[in-house]
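Some notes on the structure that comes next.
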There are 2 protein chains.
Amino acid sequence: MASRSTRTPGIKDVAALAGVSASTASKALNDTGQLRAETRERVRRAAEQLGFTPDSRGRALASGRSFTVGLITTDSSGRFSIPIMLGAEDALSAGKMALVLCDTRDDPLREQHYLKSLVSRRVDGIIVTGRRTEAREPIDVPIPVVYAFSPSTDPDDTSVIVDDHGGAASATRHLLSLGREQIAHVTGPESHLSAGIRAAATMGAARDAFVGQPLYGEWSERWGRHAVDVLLRAQPTVDAITCGSDQIARGVCDRLRELGRSVPYDIAVTGYDNWSVMALASRPPLTTVDMELEELGRRTANLLLDVIAGSPRRGQLILPTRLITRESTLGT
Amino acid sequence: MASRSTRTPGIKDVAALAGVSASTASKALNDTGQLRAETRERVRRAAEQLGFTPDSRGRALASGRSFTVGLITTDSSGRFSIPIMLGAEDALSAGKMALVLCDTRDDPLREQHYLKSLVSRRVDGIIVTGRRTEAREPIDVPIPVVYAFSPSTDPDDTSVIVDDHGGAASATRHLLSLGREQIAHVTGPESHLSAGIRAAATMGAARDAFVGQPLYGEWSERWGRHAVDVLLRAQPTVDAITCGSDQIARGVCDRLRELGRSVPYDIAVTGYDNWSVMALASRPPLTTVDMELEELGRRTANLLLDVIAGSPRRGQLILPTRLITRESTLGT
DNA sequence: GAAAATCCGGAACACGTTTTCCTGGACGAA
DNA sequence: TTCGTCCAGGAAAACGTGTTCCGGATTTTC
């Protein structure tokens, strides 16, 4: 009875079983065209009986779209790319789109290779993301592109980025609202854009309450611990420390505890990133700024879908952060 | 001169420019068939001039393959899935395959949805991975499948897993070789397969040197800290602690330091996972077991490629771990 | 110089679907 | 009865590539 071997059934098999033509079967299954309800139902039953699944390669060819988008990340082992990726994947799968993953490992050659591959697959769009907030060179492809987290250097490109300034400012305002009057800032390398922006935002929001200069170092717990020593020597009366990352903040908390300073009663501490393994494991748990990267990924994907659908939205979309308050800044 | 608008050029455009037929152009570009070298070169130049990129949808349709594999993960935010994913992507991209990402978020409904989508895309194969080492129900698709990290409950399926027993044993043997004579074990929930296996392996390798019973708790720094108190009360002369995870080990180290016990001189400590943010940030840095998950991802992908190519390799492939020695077990 | 072998390239088809166009029939209205 | 309208469904083209087959052209061989 099996026509050939047990090949996966095509629409023609369904059509044959239902006693109609392939085109009629297509219309029946896609709820298009003019068909009798009875015919539609018959085709539908035939499809179910055969376990028919439409071959999207054929569909892609016919529709001119591939229902696939590519995600190019320079470094997906980084903890920023991953939530973005997941958010994008979530939003895309809701729209029946698939996401193909391309990790360039920061290698321009690999990036070229992936771009060719994506163009060759006639991907409907591309999301480009990076591990730093610095703007990056745009990619050159005849396909809609949206940049996430790292914007394109071309302001006419579509980019979705985090409001780093607002995030840092919100942490500082939170400390001010708790009555803190001497706020210091410990962060990563001065050469990193995000470190500079967060430092500037902190100083801007703290105004007279800011003490000393931002302490630039590296994104590590060790630097956080060391910075405490430096800071207390210069500013012994400091009552709050905002940090450029949760790692630094955790180091700061550890060192303060070792020195017998109570967090938050003597000194309040804030982090940045809401990286749960740091923010929650810290003693005490950290008040921190969540960049809502998964939401950023979702928004990026939806923006890309809009562009694909024909309504391009140029320029930078700046998404707000969210302040998560925990014990490291409890009110006194 | 442009035939229509600035459409992306097809092979027919290349053929027209080179003054040959489409089929000849195909042969020229794929180094197949019988063509004069001069013709080949002419076509090649035409392709380059037009910036021609073959449409892989057409190729997929014609070849019956999609050059795509799906990766189903129950939870890609987990830190185990990510390196596996990256390794797989790396191995696949070398073989001109693309990886489409499906994060089920542990929702059976989403899993079904993704499976349908992958089947519909006529994916060449599927990699299934999970965040626990427990075996999982196999998926039912007419497509080659390889399971990574979480094997299939069907022993005839192809699975690639970590040698958890060997990993834990290697850490213990390492401690024995350093002359440690009273080894304890602190790990996660007893209900977790990996916790049980690692505990059994530790006891088996330590033999008489094992003291007390494995301490089961949770995979957290807090439990590690607490376990130290429990352990020192019962076994005050313990000189080595193997932990079921780096998080636990970090907590253990922290608490020991607070109690004035030196790691490694008084008590040596080992972790598990080589999760850099824990293992390197710990004081002191942790000797730990690296499951080499990226390599596991690569092996999985290559195995899948083999299956796709027609040489199925059934059963479980158990990959070795690697012991990374750091200061937490320095020789005395 | 003719037959055979070799080389080159084109035409046609296959892949699976969607879509456009078209036909045959049913039905209603004049 | 006849014409027009509408509906259900079929035939064919289109998407872009790879592959198979075949004929014409060129070279080789006797």
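Residue numbers start from 1 in every chain, and the chains themselves are labelled A, B, ... in the order their sequence lines are given, proteins ahead of strands. The basis for the numbers below is simple: all heavy atoms, side chains too, and nothing from hydrogens, waters or symmetry mates.
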Between dT17(D) (C1') and Phe67(B) (CZ): distance, integer Å: 12 Å

Given Arg299(A), Arg298(A), Arg322(A), the one that forms side-chain hydrogen bond (donor to acceptor under 3.5 Å, both in side chains) with Glu292(A): Arg322(A)

Tell me the closest heavy-atom pair linking Thr153(B) and Ala135(B), and the distance in Å.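 For Thr153(B) and Ala135(B), the tightest heavy-atom pair comes out as CG2-CB, 3.7 Å.
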
Do Phe67(B) and Arg121(A) come close enough that some side-chain heavy atom pair is under 4.5 Å? yes

If you pin Ala25(B) and Gly10(A) to their nearest nucleotides in DNA chain C, which one's is more 5'?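 Counting from the 5' end, the first nearest nucleotide belongs to Ala25(B).
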
Quick one: bend of the helix from dG1(C)-dC30(D) to dA30(C)-dT1(D) from 5 pairs per end, to 10°? 60°

Under the side-chain hydrogen bond (donor to acceptor under 3.5 Å, both in side chains) rule, collect the residues that match up with Arg314(A), sequence neighbours excluded.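 None.
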
Apply side chain to side chain donor-acceptor pair (under 3.5 Å) to the pair Thr104(A) and Tyr114(A), showing each step before the final yes or no. CA-CA 8 Å; Thr104(A) 67; Tyr114(A) 279 126; over 6 Å; no

Could you check which residues of residues 35-42 of chain A get a heavy atom under 4.0 Å from DNA chain D? Sort them by number, please.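 Under 4.0 Å from DNA chain D: Leu35(A), Arg36(A), Thr39(A).
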
Contact string for nucleotides 18-23 of chain D, one letter per nucleotide 5' to 3', B = base within protein heavy-atom range under 4.0 Å, S = sugar-phosphate only, - = neither, reads BBB---

Check Asp106(A) with Arg132(A), please: is the shortest side-chain N to carboxylate O separation under 4.0 Å?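 Asp106(A) and Arg132(A): not salt-bridged.
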
Listed partners of Ala25(A) passing side-chain contact (heavy atoms from CB on, under 4.5 Å), at least two apart: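 Applying side-chain contact (heavy atoms from CB on, under 4.5 Å) to Ala25(A) gives Ile11(A), Ala15(A), Val20(A), Val43(A).
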
Hey, is the main chain of [Y] close enough, under 3.5 Å, to the side chain of [X] for a donor-acceptor pair?
| X | Y | answer |
| --- | --- | --- |
| Thr158(B) | Val146(B) | no |
| Asp163(A) | Ile318(A) | no |
| Ser81(B) | Thr73(B) | no |
| Asp13(A) | Gly10(A) | yes |

Return yes when atom CG of Asp140(A) has more than 12 non-hydrogen atoms of other residues, nucleotides or ligands closer than 6.0 Å, and no otherwise. no

State whether the number of non-hydrogen atoms from other residues, nucleotides or ligands found under 6.0 Å of Glu48(A) atom CD is greater than 12.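 No, not enclosed.
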
Could you tell me from which nucleotide to which nucleotide of DNA chain C, 5' to 3', there is an atom under 4.0 Å from chain A heavy atoms?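 First-to-last contact on DNA chain C, by the 4.0 Å heavy-atom rule, is dG16(C) to dT20(C).
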
